[in-house]
Amino acid sequence: ITNNDAFKTKVNELLATIAADDMEKSFSFGQDQNGNYKTTNIRVAEPGNTVGVSATSPTISLQAGVHTHHKDLFDAFSPGDIYTFSQANTINSVFDYFYVYSKGGAYVFNISNQTQFDDFSTKYPASQYLDPVTGDWKEDTALYNDLWISYEQFLKAGIDENGAYERAFAYVVKKHGIGIAMSKQDANGDFKPIYVNKTTTLLPGINIPVTVYEKTDNFNN
């Protein structure tokens, strides 16, 4: 998808002002009836709001959505982005990819388990798990606690804020069986998956359990 000329042209439009933007932007991507790849027009969020994404089009079979995070947000996805992707895929079953571009990098969600993803909004309804003001998980939910506890440990390990958040978010996605995988674009333009595991070890000699979060490129590790 990201190698397609129509996609790259529209992404370049999004990124032209990313360093100064204070509003999110989005577009969607797919094929017309002749199989040609097309994009929708860029949508700009209202001040203070997140941007929506088009899941359907009268002229394009949409397969992916793209949005930005402005300079005041983490580079990686927010919890609200999962609900946006879920709603789009529910409306349009071939809407299988969701991207976020920011000043510090690019990420993509792809569906790794359709059944789990179909169940996501029922298992974790937005009314109970998503804070509509902050766009974060609601405080004291398991998703919120897992995100920010692992985030703090990554920070203590010397990882920067965006790197710590990226890893913590990947951990929550995997642990809670949401049915999606998160990948990050590398310097070559390729998207590589990010997985994080939680292990518990005993400190030598004193047998005190310590929780460790570790990044891995293998889902099964």
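Being a predicted model, the structure only gives us computed values, none of them experimental. Just the heavy atoms: all of them, side chains too, but no hydrogens, waters or symmetry mates, feed the values below.
Put simply, the side chain of D131 gets close to the backbone of V133: a donor and an acceptor are under 3.5 Å apart. The closest donor-acceptor contact from the side chain of T134 to the backbone of D136 lies under 3.5 Å. Between the side chain of D75 and the backbone N or O of S102 there is no donor-acceptor pair closer than 3.5 Å. Using a distance-only test at 3.5 Å, with no hydrogens or angles considered, no donor-acceptor pair links the side chain of K38 to the main chain of L62. Between the D32 side chain and the I60 main chain, no donor and acceptor come within less than 3.5 Å of each other. Between the side chain of H70 and the backbone N or O of D72 there is at least one donor-acceptor pair closer than 3.5 Å.
Note: Y171 OH to Q153 CD = 10.0 Å, rounded to the nearest 0.5 Å. Taking OH from Y83 and CD from Q87, the interatomic distance works out to 9.5 Å, rounded to the nearest 0.5 Å. With rounding to the nearest 0.5 Å, the separation of CD in E139 from OG1 in T141 is 9.0 Å. With rounding to the nearest 0.5 Å, the separation of CZ in F95 from CD in Q63 is 10.0 Å.
Residues D186 and K192 are paired through a salt bridge, judged by an N-O separation under 4.0 Å between the basic side chain and the carboxylate. Look at K175 and D146 and you find a salt bridge, because one of the NZ, NE, NH1 or NH2 atoms lies within 4.0 Å of a carboxylate O, short of that distance.
In this model, no donor atom of one side chain and acceptor atom of the other lie less than 3.5 Å apart for R167 and S150.
At least one side-chain heavy atom of L147 sits less than 4.5 Å from a side-chain heavy atom of Y165. For the pair S61/V94, a side-chain contact is recorded, criterion being any heavy-atom separation below 4.5 Å from C-beta on. Counting only heavy atoms from C-beta outward, the side chains of L155 and E152 approach each other to under 4.5 Å. The side-chain heavy atoms of Y144 and K138, taken from C-beta on, include no pair separated by under 4.5 Å.
Contact record, F27 with N41: CB-O, 4.0 Å, taken as the closest heavy-atom pair. Across A181 and S112, no two heavy atoms sit closer than the pair N-OG, 3.9 Å. Counting all heavy atoms, side chain and backbone alike, A168 lies closest to F154 at N-CE1, 4.0 Å. Here the shortest heavy-atom pairing between T84 and V53 reads CG2-CG1, 3.4 Å. Residues Y107 and E166 share a closest heavy-atom pair of OH-OE1, 2.7 Å. Of all non-hydrogen atoms in K123 and Y129, the two that sit nearest each other are O-CE1, 3.8 Å.
Taken together through direct or relayed side-chain contacts under 4.5 Å among Ile, Leu, Val, Met, Phe, Trp and Tyr, F169 and L73 form parts of separate hydrophobic clusters. A single hydrophobic cluster is not seen to contain both F74 and V51; linkage of ILVMFWY side chains at heavy-atom distances under 4.5 Å, directly or through other members, places them apart. M182 is connected to F117 through a chain of hydrophobic side-chain contacts under 4.5 Å among Ile, Leu, Val, Met, Phe, Trp and Tyr, so both are in one cluster. Linking Ile, Leu, Val, Met, Phe, Trp and Tyr residues whenever their side-chain heavy atoms come within less than 4.5 Å places I82 and Y151 in a single cluster. I42 and I18 fall within the same hydrophobic cluster, defined by Ile, Leu, Val, Met, Phe, Trp and Tyr side-chain heavy atoms under 4.5 Å apart, directly or through other members.
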- Item | Worked check of side chain to side chain donor-acceptor pair (under 3.5 Å) between K25 and T17 | CA-CA 11 Å; K25 299 176 181 179; T17 58; 3.0 Å; yes

- Message: Would D81 and S78 count as a side chain to side chain donor-acceptor pair (under 3.5 Å) here? Give the steps.
- Response: CA-CA 5 Å; D81 292 334; S78 69; 3.3 Å; yes

- For the pair F29 and N4, evaluate side chain to side chain contact (heavy atoms under 4.5 Å, CB included) and give the outcome as yes or no after the intermediate values. CA-CA 10 Å; F29 175 83; N4 180 271; 3.5 Å; yes

- Item | Check against side chain to side chain contact (heavy atoms under 4.5 Å, CB included), H69 and E24 | CA-CA 6 Å; H69 277 183; E24 295 184 357; 3.7 Å; yes

- Let me see the working for Q114 and D118 under side chain to side chain donor-acceptor pair (under 3.5 Å), right down to the final yes or no. CA-CA 6 Å; Q114 187 69 60; D118 289 344; 2.8 Å; yes

- Residue pair T2, F191: steps toward the side chain to side chain contact (heavy atoms under 4.5 Å, CB included) verdict: CA-CA 10 Å; T2 55; F191 283 83; 3.7 Å; yes

- Query: After noting the C-alpha distance and the side-chain angles of I111 and F85, does the key distance pass the side chain to side chain contact (heavy atoms under 4.5 Å, CB included) rule?
  - Reply: CA-CA 10 Å; I111 299 171; F85 185 26; 3.8 Å; yes

Return a table of donor-acceptor pairs under 3.5 angstrom between the side chains of residues 6-16 and protein atoms on other chains or two or more places apart.
from : atom 1 : to : atom 2 : distance (Å)
T9   : OG1    : D5 : O      : 2.9
N12  : ND2    : K8 : O      : 3.2

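Every residue two or more places apart in sequence or in another chain that forms a side chain to side chain donor-acceptor pair (under 3.5 Å) with S86 is listed here: S121.
Ring centroids of H67 and F98 are separated by less than 6.0 Å, placing the two rings close together.
Residue pairs meeting the side-chain hydrogen bond (donor to acceptor under 3.5 Å, both in side chains) criterion with at least one member in residues 91-101, sequence neighbours excluded, do not occur.
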